Amino acid sequence: MAIPKIRKQDILDALKYIDENGVPFHNQSTKYELVTEDGKKYPPKYVIAVADHIANGTDISVEGFNAVEAKTYLQGQGFDIQIKQEKYELTITADAITSTDERFTMDNLFLGDGYKPLDAYFKRANGEIIKRSYSKGERRNSNQTMPRIACQIFEKQISALSVEEKENFPICKYNPEGDLVCGIYSSVEEFKKHRNTIEYFTYGYDNGRQFVIYCWNIFSTIIFVQECLKRFGDAGDQFVLTYREKEEKESEAETEAAVQEELVQQFKGYRNPYSSVLIESKNIIFRGAPGTGKSYLAKEIATDIISNGYFDDYTMLTDEQRKQVEFVQFHPSYDYTDFVEGLRPRVNADGSMGFELQDGMFKKFVARARKNYEDSQKSKEEIQKEVSAQQMIEDYLENLDLDLDSSNAASLKTVNGHSFFITGYDEKRIDVYIPDNETVKRLSVGRENIQKMIESGRKFSKVKEVTEFFGKKFGTQGYSYELPICHAIQAKKHRKPVTGAGSVELKKYIFIIDEINRGEMSKIFGELFFAIDPGYRGRAGEVSTQYSNLHDNPDEKFIFRRMSILLEP
């Protein structure tokens with residue numbers, strides 16, 4: 001696909017042509033609009049097609065290039081391209097569900113993942129409109145907007161249902177072949193006995209009582225809302241939801257907001273009053289004279305949160321739980337390389353000295369928290385594939401003879417026939433020796449790439465296929481060696497694959513900094529200083545670190561989602 005050869009003047013002429021002749025219905029844009037200074041709007045793909053017709057005499061056709069290519073090209077020519085904010089209206093009655101968006105279908109409610117709610121209201125048969133009532137601090141529009149107003153309207157009727165009727169109340173069925181999700185529960189704990197997920201909402205009523213039901217995207221509770229109308233509504237009653245398409249950043253922010261809401265909902269009722277404050281604010285700074293117990297209090301709070309309020313004695317945490325807490329003391333000579341990342345001396349396999357990039361204490365801890373967050377979003381099948389791939393790699397490496405002088409030294413060949421040997425490995429890298437390479441005889445390749453290739457289940461035969469798999473335009477030298485190592489691992493007989501891997505629990509991670517005022521903040525945090533601010537957690541505060549050009553993936557961003565306790569004497 002490519003934009004035809006046209007000039008800016010051709011585009012201007014195309015706008016005049018469209019002003020005179022209009023835009024055919026089937027060429028209207030659904031995503032982007034070219035907006036001129038006088039406020040006129042044009043569909044970008046059709047503008048390009050008309051410009052091509054004017055410049056090259058072709059038939060007016062939008063085939064051969066897509067909307068994103070048209071948008072990018074026109075922006076490059078200095079035109080203002082805006083996202084078309086078209087609103088849709090979903091109407092739910094006891095007998096029917098309709099939408100002004102022609103793509104809507106009850107056979108695929110997963111489509112709701114791509115939309116953002118704007119408003120929802122209840123309309124009685126007599127025309128009376130009832131809007132939502134909001135609790136203090138509650139977000140005005142979220143994926144929970146429609147089921148919340150349904151609970152508001154029919155609160156008394158729902159609460160009067162028997163336990164059995166509530167548990168069998170239909171909530172969601174994403175497609176005709178999918179399972180019907182049922183159940184209105186009295187607490188998050190009861191809900192999670194049936195469905196252990198963060199995909200739920202809570203509606204509070206009657207001094208502390210709750211309705212807890214399954215809820216994820218804006219369409220996932222349509223069946224619940226319609227069932228409420230069937231059972232409790234009058235003929236002609238309806239719910240109306242207004243919505244639009246989401247942007248990519250909105251989708252990411254929504255997932256992170258759901259995770260944070262899960263943490264807030266899940267971990268209330270602590271022993272220490274500061275624990276809930278930390279969950280909500282993410283950062284706390286304690287001030288006071290030396291010896292007043294700030295460090296002790298910090299560990300107490302961390303223990304309280306990690307144990308979900310069962311105890312606050314740090315010594316009672318298990319070894320596994322202590323991995324969720326990290327403690328560091330700042331001092332005048334402490335710097336970025338200690339805290340975030342930096343180059344450290346390394347003895348190579350041949351005895352020579354070199355330098356390698358190593359993570360500092362803070363980055364290691366954040367990586368641990370990030371892995372837990374990412375793993376908690378994976379299905380059991382994904383985790384099983386990951387663990388099995390790790391096991392296969394370890395099986396292979398454990399049985400290698402890494403001595404180059406040994407007759408059993410494992411010799412591998414690249415797809416071009418060049419021999420190389422594996423000389424060492426750690427949890428992140430595999431070291432290889434390339435005798436025939438005059439420029440670089442020793443190289444380290446990433447285990448993570450090999451693991452992802454194995455997890456995919458694909459049989460790669462060319463470096464080009466590996467390059468495409470990782471979404472790169474150009475291959476790296478490492479791919480040439482990762483491919484044959486992958487082949488060797490896949491060809492080996494391994495232990496029975498892992499089958500019992502389960503889902504991963506979303507955990508809390510707490511970083512404690514003692515004597516924070518003794519360190520030089522800019523020297524220690526560098527570009528990451530603002531990333532710990534609550535307003536910049538997650539994608540909003542992602543940054544490249546100072547040594548990002550030395551990472552296996554130079555485009556990798558530092559993202560900080562979790563909590564830290566900052567201490568100052």
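The model shown is predicted, which means the values in this text are computed figures rather than measured ones.
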Residues Asp101, Tyr115; criterion side-chain contact (heavy atoms from CB on, under 4.5 Å); working and verdict: CA-CA 11 Å; Asp101 180 7; Tyr115 296 104; 2.7 Å; yes
Flag, side chain of Thr337 to backbone of Glu341, donor-acceptor distance under 3.5 Å: no
Contact check, side chains of Lys492 and Ile489, non-hydrogen atoms, under 4.5 Å: no
Worked verdict on Arg370 versus Glu374 for salt bridge (charged side-chain N to carboxylate O under 4.0 Å, His left out): CA-CA 6 Å; Arg370 182 177 180 177; Glu374 292 172 347; 3.2 Å; yes
Phe420/Tyr481 aromatic ring centres below 6.0 Å: yes
Side chain Thr100, main chain Glu89, donor-acceptor under 3.5 Å: yes
Derivation of the side chain to side chain donor-acceptor pair (under 3.5 Å) call for Glu199 and Tyr214: CA-CA 6 Å; Glu199 300 172 355; Tyr214 174 81; 3.1 Å; yes
Within 6.0 Å of CG in Asp426, more than 12 heavy atoms from elsewhere: yes
Asn21, CG: over 12 other non-hydrogen atoms inside 6.0 angstrom: yes
Over 12 non-hydrogen atoms of neighbours within 6.0 angstrom of NZ in Lys41: no
Any donor-acceptor pair under 3.5 Å from Glu465 side chain to Ser461 backbone: yes
Side-chain polar contacts of residues 44-54 - donor-acceptor pairs under 3.5 angstrom, sequence neighbours left out - could you list them?
unit_1, atom_1, unit_2, atom_2, d
Asp52, OD1, Asn56, ND2, 2.6
Asp52, OD2, Thr58, OG1, 3.0
His53, ND1, Thr58, O, 2.6

All ring pair (Phe, Tyr, Trp, His ring centres under 6.0 Å) counterparts of Tyr425, not counting sequence neighbours: none
Steps toward side-chain contact (heavy atoms from CB on, under 4.5 Å) verdict (Leu443, Gln477): CA-CA 9 Å; Leu443 187 71; Gln477 185 180 10; 4.1 Å; yes
Any donor-acceptor pair under 3.5 Å from Asp237 side chain to Arg124 backbone: no
Ionic contact status for Asp431 with Arg442, cut-off 4.0 Å: no
Residues forming a side-chain hydrogen bond (donor to acceptor under 3.5 Å, both in side chains) with Asp38, sequence neighbours excluded: Thr36
Beyond-backbone contact of Pro170 with Phe224, side-chain heavy atoms, under 4.5 angstrom: no
Side-chain (Gln226) to main-chain (Thr93) donor-acceptor, under 3.5 angstrom: yes
Glu482 backbone acceptor or donor facing His487 side chain under 3.5 Å: no
Heavy atoms from other residues, nucleotides or ligands near CD of Glu128 exceed 12 (cutoff 6.0 Å): yes
Step-by-step salt bridge (charged side-chain N to carboxylate O under 4.0 Å, His left out) determination, Lys428 to Asp359: CA-CA 12 Å; Lys428 288 187 175 181; Asp359 291 342; 3.2 Å; yes
Within 6.0 angstrom of Lys16 NZ, more than 12 heavy atoms from elsewhere: no
Ile213 vs Tyr203, side-chain contact (heavy atoms from CB on, under 4.5 Å): CA-CA, chis, key distance, verdict: CA-CA 9 Å; Ile213 73 168; Tyr203 175 84; over 6 Å; no
Donor-acceptor contact below 3.5 Å, side chain Lys441 vs main chain Pro435: yes
Side-chain heavy-atom pair Leu397, Arg447 within 4.5 angstrom cut-off: yes
Phe219 ring center within less than 6.0 Å of Tyr243 ring center: yes
Worked check of ring pair (Phe, Tyr, Trp, His ring centres under 6.0 Å) between Phe65 and Tyr73: CA-CA 11 Å; Phe65 55 91; Tyr73 180 80; 9.4 Å; no
Heavy-atom donor-acceptor pair, Asn175 side chain to Asp107 backbone, under 3.5 Å: no
Heavy-atom check, side chain of Ile454 versus side chain of Met392, under 4.5 Å: yes
Cationic N near anionic O, under 4.0 Å, Lys371 to Glu386: yes
Heavy-atom donor-acceptor pair, Gln152 side chain to Lys131 backbone, under 3.5 Å: yes
Heavy-atom donor-acceptor pair, Asn27 side chain to Pro24 backbone, under 3.5 Å: no
Ser419 and Lys413 side chains, donor-acceptor separation under 3.5 Å: yes
Atom NZ of Lys385: over 12 foreign heavy atoms under 6.0 Å: no
Glu33-Tyr42 side chain donor-acceptor pair, cut-off 3.5 Å: no
Stepwise side-chain contact (heavy atoms from CB on, under 4.5 Å) test for Asp80 and Leu34: CA-CA 6 Å; Asp80 181 19; Leu34 186 158; over 6 Å; no
Residues Tyr336, Phe525; criterion ring pair (Phe, Tyr, Trp, His ring centres under 6.0 Å); working and verdict: CA-CA 6 Å; Tyr336 186 90; Phe525 280 95; 9.4 Å; no
Side-chain heavy atoms of Ile223 within contact of Met106, under 4.5 Å: yes
